[in-house]
Amino acid sequence: MADLKSTFLKVYSVLKSELLQDPAFDFTEDSRQWVERMLDYNVPGGKLNRGLSVIDSYKLMKEGKELSEDEIFLASALGWCIEWLQAYFLVLDDIMDNSHTRRGQSCWFRVPKVGIIAANDGILLRNHIPRILKKHFRGKPYYVDLLDLFNEVEFQTASGQMIDLITTLEGEKDLSKYTLSLHRRIVQYKTAYYSFYLPVACALLMAGENLENHIDVQNILVEMGTYFQVQDDYLDCFGDPETIGKIGTDIEDFKCSWLVVKALELSNEEQKTMLYENYGKPDPANVAKVKSLYNELNLQGLFAEYESKSYEKLVNSIEAHPSKPVQAVLKSFLAKIYKRQK
């Protein structure tokens with residue numbers, strides 16, 4: 001895996017230098033330095049799970065056949081397109097949420113001299129994706145399908161972000177809107193398509209598959225993405241900050257989290273009033289009251305039950321899939337996230 005990661009990072013350097021020499025724009029020294037610094041700051045800094053999943057998935061599709069250098073390069077380039085998409089979302093997301101840190105460093109827009117220029121940098125990051133696709137995939141039979149796929153998933157993610165943002169509008173905080181179906185919609189659109197479906201869809205296209213024949217794969221991966229986000233919501237409150245690398249703030253931020261939706265379902269009138277009075281307040285005393293209600297309602301036990309049921313359902317759906325290589329891809333995804341601690 002470490003070897004795969006170093007190969008993957010080498011491909012980043014190739015793609016970056018191509019973008020910094022893009023013939024469509026006449027770079028000055030200043031502009032080239034700006035873009036290089038912006039890319040290095042925002043693109044390769046995360047866990048790179050989404051990008052690496054494209055290579056993993058493609059390998060499993062080829063059923064253990066040795067991949068050529070060209071295949072590894074192309075799968076890596078598609079993986080990086082997903083990381084670029086992620087960087088674009090995060091740069092803009094941090095401005096919208098007025099966040100302070102991301103991946104252990106200051107958000108890009110908070111870096112001195114960057115400020116609101118970060119909005120344009122987000123647009124640049126988005127525009128790099130079709131540049132990479134054009135340079136390396138234009139001659140491939142699935143080129144148009146790739147463009148369609150990235151456009152589709154970007155639209156779904158931005159729409160999910162919109163539901164999330166309008167649900168937590170300042171001054172309109174209303175817990176009664178928070179239901180399991182709203183939570184599911186936000187998660188499906190904001191996270192599941194680009195984090196789970198997109199890497200596998202890229203690998204399917206590279207393997208010569210038609211995505212229209214794999215709607216069941218999309219459904220399973222969206223289901224997996226939902227399960228992943230519920231885990232995330234759970235870890236935000238009950239996870240160990242040392243392990244997950246951040247201190248959760250869903251309660252303070254009035255997030256439509258699985259935990260608060262469940263708490264609303266299970267609370268009596270008195271407990272509901274307590275939730276309404278304390279949820280979404282930054283004061284640690286308010287947060288502590290919400291957490292103690294979560295304990296009172298045994299949300300940890302409920303989550304454990306949810307986790308095992310989801311896992312069983314996912315395994316059954318995967319095993320019902322007719323293709324063994326596709327099953328292997330889906331099982332490898334599930335193995336990475338089942339009972340994770342961070």
Side-chain angles (χ1 to χ4, degrees), residues 38 41-43 45-47 49-51 81-103 107-110 114 116-130 147-175 177-199 201-202 218 221-233 235-236 246 248-261 279-280:
M38 184 271 288
Y41 197 93
N42 294 297
V43 179
K47 294 189 283 286
N49 289 344
R50 295 170 182 82
C81 284
I82 301 175
E83 293 296 335
W84 245 268
L85 187 70
Q86 157 93 331
Y88 150 63
F89 288 140
L90 298 184
V91 165
L92 295 181
D93 195 39
D94 287 341
I95 299 173
M96 290 180 250
D97 291 348
N98 203 17
S99 302
H100 286 268
T101 55
R102 164 75 63 191
R103 296 170 171 172
C107 297
W108 177 239
F109 79 100
R110 292 196 179 273
V114 176
I116 209 64
I117 299 173
N120 191 63
D121 289 333
I123 297 169
L124 274 178
L125 286 164
R126 168 64 185 95
N127 276 276
H128 284 160
I129 298 164
L147 290 174
D148 266 355
L149 173 67
F150 274 89
N151 286 336
E152 195 86 354
V153 168
E154 184 196 356
F155 171 67
Q156 288 167 318
T157 310
S159 302
Q161 170 74 339
M162 180 227 2
I163 316 173
D164 194 17
L165 291 165
I166 63 176
T167 310
T168 51
L169 272 176
E170 270 308 318
E172 291 184 35
K173 292 185 170 175
D174 179 6
L175 270 185
K177 288 186 202 161
Y178 285 6
T179 60
L180 218 45
S181 68
L182 174 72
H183 178 267
R184 193 189 164 81
R185 282 181 57 138
I186 293 174
V187 171
Q188 176 178 347
Y189 289 104
K190 190 180 165 181
T191 306
Y193 284 110
Y194 94 93
S195 298
F196 285 79
Y197 174 60
L198 183 55
C202 284
Q218 179 176 317
L221 286 160
V222 165
E223 207 50 61
M224 222 181 275
T226 306
Y227 160 62
F228 178 85
Q229 187 58 49
V230 172
Q231 281 178 315
D232 228 40
D233 293 352
L235 292 170
D236 185 273
K246 61 177 181 183
T249 58
D250 283 359
I251 296 174
E252 295 92 316
D253 295 343
F254 199 74
K255 283 289 178 204
C256 180
S257 147
W258 183 82
L259 295 170
V260 78
V261 168
Y279 198 73

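Values below: every heavy atom of this structure, side chains too, minus hydrogens, waters and symmetry copies.
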*Does OH belonging to Y189 count more than 12 external heavy atoms closer than 6.0 Å?*
no
*Residue pair N127 / Y88, side-chain heavy-atom distance below 4.5 Å*: no
*So do the side chains of I186 and C256 get within less than 4.5 Å of each other, counting heavy atoms only?*
yes
*Residues in side chain to side chain contact (heavy atoms under 4.5 Å, CB included) contact with L235, at least two apart in sequence or another chain*: I244, R340
*Is a side-chain N or O of R103 found less than 3.5 angstrom from the main chain of N42, in a donor-acceptor match?*
yes
*Specify whether F254 and Y279 have parallel, tilted or perpendicular ring planes, treating 30° as the upper limit for parallel and 60° as the lower limit for perpendicular.*
tilted
*V114 versus M38: any side-chain heavy-atom pair under 4.5 Å?*
no
*Check D164 against K190 and note the closest heavy-atom contact, atom names and distance.*
OD2-NZ, 2.7 Å
*Calculate, to the nearest 0.5 Å, the distance between atoms OG1 and CG belonging to T167 and D174 respectively.*
10.5 Å
*Backbone N or O of F89 within a donor-acceptor pair of the D93 side chain at under 3.5 Å?*
no
*Rounded to the nearest 0.5 Å, how far apart are CD of Q229 and OG1 of T226?*
9.0 Å
*Heavy atoms only: give me the nearest Y178-K255 pair and the separation to one decimal.*
CE2-O, 3.6 Å
*Is the shortest heavy-atom distance from the side chain of V222 to the side chain of Y193 under 4.5 Å?*
yes
*Could you state the interatomic distance from CD (Q161) to OG (S159), rounded to the nearest 0.5 Å?*
10.5 Å
_Pair R184 + E223: basic N to acidic O under 4.0 Å_ = yes
*Quick one: does D236's side chain have a donor or acceptor within less than 3.5 Å of a partner on D232's backbone?*
no
*asked:* Taking the side chain as everything from C-beta on, heavy atoms only, tell me whether I251 gets closer than 4.5 Å to V260.
replied: no
*Pairwise side-chain contact, L85 with T157, heavy-atom cut-off 4.5 Å (strictly under)*: no
*At their closest point, which heavy atom of D250 faces which heavy atom of S257, and how far apart are they?*
OD2-CB, 4.2 Å
_Whether the side chain of D94 engages the backbone of C107 through a donor-acceptor N/O pair (distance < 3.5 Å, no angle test) should be reported._
no
_Distance (rounded to the nearest 0.5 Å) between I129 CD1 and E83 CD_ = 10.5 Å
*Grab the two heavy atoms, one from A118 and one from W108, that are nearest each other, plus how far apart they are.*
CB-CD1, 3.6 Å
*For residues H183 and D233, determine if any side-chain heavy atom of one lies less than 4.5 Å from a side-chain heavy atom of the other.*
yes
*Got I82 and F150 here, is their nearest side-chain heavy-atom distance under 4.5 Å?*
yes
_Rounded to the nearest 0.5 Å, what separates atom CE in M96 from atom CZ in F109?_
11.0 Å
_Is it the case that atom CZ in R110 sees more than 12 heavy atoms from other parts of the structure closer than 6.0 Å?_
yes
_Closer than 3.5 angstrom, by distance alone: can the side chain of T249 be matched with the main-chain N or O of E252 as a donor-acceptor pair?_
no
